[in-house]
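Written out below as structure tokens is the structure these notes cover.
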Amino acid sequence: NAGVTQTPKFRVLKTGQSMTLLCAQDMNHEYMYWYRQDPGMGLRLIHYSVGEGTTAKGEVPDGYNVSRLKKQNFLLGLESAAPSQTSVYFCASSYSRGRALNYGYTFGSGTRLTVV
Amino acid sequence: SQQGEEDPQALSIQEGENATMNCSYKTSINNLQWYRQNSGRGLVHLILIRSNEREKHSGRLRVTLDTSKKSSSLLITASRAADTASYFCVVTGGTSYGKLTFGQGTILTVHP
């Protein structure tokens, strides 16, 4: 049982380049999330999904797009990377509302992205 | 969306001492969760307490919840150097499902 797997773990991009971060979970969780964490700050929610084929904006969605074509995967895309998007990105997943009463969220180990 | 606010921002103790950190929130909740983040790593779920519970234990962890004061505390007994990490509380409930948001956390340093 791998939990939540993020790929890649590290990436350096040039300004204007695009990339996709992949999050995969094997726990049959309905909800998935993308966060970014900057130095000295807590996690900020970028986008989230409450089910296959559905996505919604979080606190800081600008400059990012997401897709959830399969229940187990949640993709985060940067169409034109900017230095302000240098951050550590975390994916998380959880059960939906009912079961979430008794279970926490599972996080991936993060993707460290640098945009130069 | 709902958010927990941790206090203090930083806590420094000696190995073997107990560490207590607090969390406050503003709205009604279904549950409150505590997470640990070691430097540069992902968050690890520590413990969850439901709104109808007042206290919960897990190993060296003790969590209390006071819904009338909208606050929670996390006690780590007999701290170890390996407990050095940032600790976050998050709350879920109402319309906030799917939008788990975080505060700044408490940075705990345990000196050997």
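Throughout, a chain's letter reflects where its sequence line sits, starting with A, and its residues are numbered from 1. What you see is a predicted model, and the numbers here were worked out from it, not measured in a lab.
Here B:L43 is the residue among B:V44, B:I49, B:L43, B:L46 with the most heavy-atom pairs under 4.5 Å with chain A.
Neither the backbone nor the side chain of A:R44 comes within less than 4.5 Å of any heavy atom in chain B. Contact of B:Q37 with chain A is made through the side chain alone, with heavy-atom distances under 4.5 Å. Only the side chain of A:Q37 comes within contact range of chain B, with heavy atoms under 4.5 Å apart.
The closest side-chain donor-acceptor pair between B:T92 and B:N31 falls under 3.5 angstrom. Side-chain contact of A:T114 with A:T86: a donor-acceptor pair under 3.5 Å is absent, judged by distance alone.
Under the 30°/60° scheme for interplanar angles, the aromatic rings of A:Y35 and A:F107 are found to be tilted. Classified by interplanar angle (parallel below 30°, tilted 30° to 60°, perpendicular above 60°), the ring pair A:Y105/A:Y33 is tilted.
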